[in-house]
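To start, the structure itself, in structure tokens.
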Amino acid sequence: KEQKMITNNKITSENYKEELKKSVKLYEEQPMYLLRINQEYCTYEVLVNDFPIEKHYRRGKDATGIKINKAILK
């Protein structure tokens, strides 16, 4: 099958930001998802949905929250 490209003649280089904002769906609640990994003297890599989130190769203690919203698909 031949697929045709859908074009919108209303979008220009000056108004593309405004047009893009109109297409973004906003929700009443916008939660922030975090992983808190408590580790002591070990190395690790964190992947969420096969998306690399965090790498820790240093020695020492670490217990910071890692934002994972960018890796959540739905």
Side-chain angles (χ1 to χ4, degrees):
K1 287 184 176 181
E2 183 180 322
Q3 294 181 350
K4 295 182 180 181
M5 181 187 278
I6 298 172
T7 58
N8 187 347
N9 294 332
K10 296 179 195 176
I11 298 176
T12 65
S13 60
E14 289 81 30
N15 72 351
Y16 76 92
K17 286 183 184 179
E18 290 79 18
E19 293 296 322
L20 183 61
K21 280 178 149 178
K22 291 177 188 177
S23 66
V24 174
K25 186 175 181 180
L26 297 177
Y27 298 92
E28 289 182 26
E29 295 181 13
Q30 297 183 1
M32 175 64 64
Y33 295 97
L34 298 168
L35 283 180
R36 182 170 302 275
I37 300 170
N38 297 318
Q39 63 85 19
E40 191 170 331
Y41 303 107
C42 63
T43 60
Y44 62 86
E45 292 183 12
V46 177
L47 292 102
V48 176
N49 292 322
D50 293 329
F51 186 80
I53 298 295
E54 178 73 12
K55 295 179 182 179
H56 182 83
Y57 296 118
R58 338 178 263 287
R59 292 183 177 182
K61 296 181 179 180
D62 193 19
T64 55
I66 303 166
K67 296 178 183 178
I68 63 168
N69 281 39
K70 63 184 176 184
I72 297 174
L73 301 177
K74 288 186 178 183

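All residue numbers in this chain count up from 1 along the given sequence. Quick caveat, the model's predicted, so the values are computed rather than measured.
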Would you sort out whether Leu34 and Lys67 count as a side chain to side chain contact (heavy atoms under 4.5 Å, CB included), showing the intermediate values? CA-CA 5 Å; Leu34 298 168; Lys67 296 178 183 178; 3.4 Å; yes
Minimum-distance pair of heavy atoms, taken over all atoms of Ile37 and Tyr44: CD1-CE1, 3.9 Å
Could you measure the distance from the [atom1] atom of [X] to the [atom2] atom of [Y]? Nearest 0.5 Å is fine.
X: Glu54; Y: Leu35; atom1: CD; atom2: CG; value: 10.0 Å
X: Lys21; Y: Leu26; atom1: NZ; atom2: CG; value: 10.0 Å
X: Ile53; Y: Glu45; atom1: CD1; atom2: CD; value: 12.0 Å

Is Phe51 reachable from Ile68 through a run of I, L, V, M, F, W or Y residues, each pair having side-chain heavy atoms under 4.5 Å apart? yes
Have a look at Tyr33 and tell me which of Val48, Ile72, Ile66 forms a side chain to side chain contact (heavy atoms under 4.5 Å, CB included) with it. Ile72
For Asn15, which residues count as a side chain to side chain donor-acceptor pair (under 3.5 Å) partner, sequence neighbours excluded? Thr12
